[in-house]
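Written below as structure tokens is the structure these notes are about.
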Amino acid sequence: MVQTVPATLDICVRDSTQTEIDNCGSGTINLCQEASGDSVNFEFYCKTGCEAGDINFWYRFTVSPEGEDPEEWCFDRTGTDFPNTLGNVIPPNHVNNPVTRPPPTSGLSRLLPAWSSLFLMLVIAFLFSQ
């Protein structure tokens, strides 16, 4: 999947096995195909409207799950998972705030409710047995 910034620019992409095929789009390209081998090279290029200079774009490659039929996997993709839907880019100076959990309590404090329930049941059983 390819998406230009801004989303109105034309861009094309082809893999290393394609020589005459142009997969081009204005703003976005949703291309799903099986790789021709263990590795593949992709070329992004501009075919028309290149006078403005460099084109900024995002790209996303997704590998199908192991054992999945590539044709069915491509058919089931919605095309709505373009790079801009993945979330914001994290700034380089961002500091993560780790999630902290309270320290575990001792085993005795976790068993106390169970022991008190058992004791209460024994007292009640003793009172009703008389």
Side-chain angles (χ1 to χ4, degrees):
M1 303 185 125
V2 182
Q3 189 168 41
T4 61
V5 179
T8 56
L9 302 174
D10 294 331
I11 193 166
C12 301
V13 62
R14 68 174 157 235
D15 70 24
S16 55
T17 63
Q18 300 169 321
T19 55
E20 302 297 321
I21 301 172
D22 290 321
N23 296 303
C24 300
S26 180
T28 59
I29 300 173
N30 185 6
L31 178 66
C32 188
Q33 67 185 39
E34 189 173 359
S36 57
D38 290 339
S39 64
V40 65
N41 296 317
F42 285 92
E43 177 186 1
F44 297 92
Y45 60 99
C46 181
K47 192 169 185 178
T48 60
C50 308
E51 302 81 27
D54 293 340
I55 294 178
N56 295 319
F57 64 94
W58 291 97
Y59 62 91
R60 181 178 187 198
F61 297 110
T62 307
V63 179
S64 64
E66 187 74 30
E68 184 84 24
D69 179 11
E71 289 183 12
E72 288 182 21
W73 185 77
C74 281
F75 182 74
D76 290 338
R77 296 191 47 92
T78 61
T80 58
D81 46 359
F82 278 98
N84 72 341
T85 62
L86 298 178
N88 295 329
V89 177
I90 298 173
N93 59 351
H94 176 73
V95 177
N96 287 331
N97 294 325
V99 175
T100 57
R101 295 189 175 115
T105 57
S106 69
L108 180 61
S109 64
R110 283 187 283 175
L111 292 177
L112 190 58
W115 283 107
S116 60
S117 296
L118 179 63
F119 179 72
L120 182 62
M121 288 183 357
L122 289 174
V123 168
I124 292 173
F126 176 75
L127 291 174
F128 282 108
S129 66
Q130 293 184 7

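For the numbers below, each heavy atom of this structure counts, side chains included, while hydrogens, waters and symmetry mates do not.
For Glu72, there are no salt bridge (charged side-chain N to carboxylate O under 4.0 Å, His left out) partners two or more places apart in sequence or in a different chain. Residues that satisfy the side-chain contact (heavy atoms from CB on, under 4.5 Å) test with Ile124, not counting sequence neighbours, are Leu120, Phe128. By the ring-ring contact (aromatic ring centres under 6.0 Å, His included) test, Tyr45 is found to be paired with no residue, residues two or more places apart in sequence or in another chain being considered.
Rounding to the nearest 0.5 angstrom, the gap separating the CG atom in Asn23 from the CD atom in Glu43 is 11.5 Å. Between the CZ atom of Phe57 and the CZ atom of Phe44 there is a distance of 5.0 Å, given to the nearest 0.5 Å.
The heavy-atom pair separating Ile11 from Thr4 by the smallest distance is CG2-CG2, 3.6 Å.
When the SG-SG distance for Cys24 and Cys12 is compared with the 2.5 Å cut-off, it comes out below that value.
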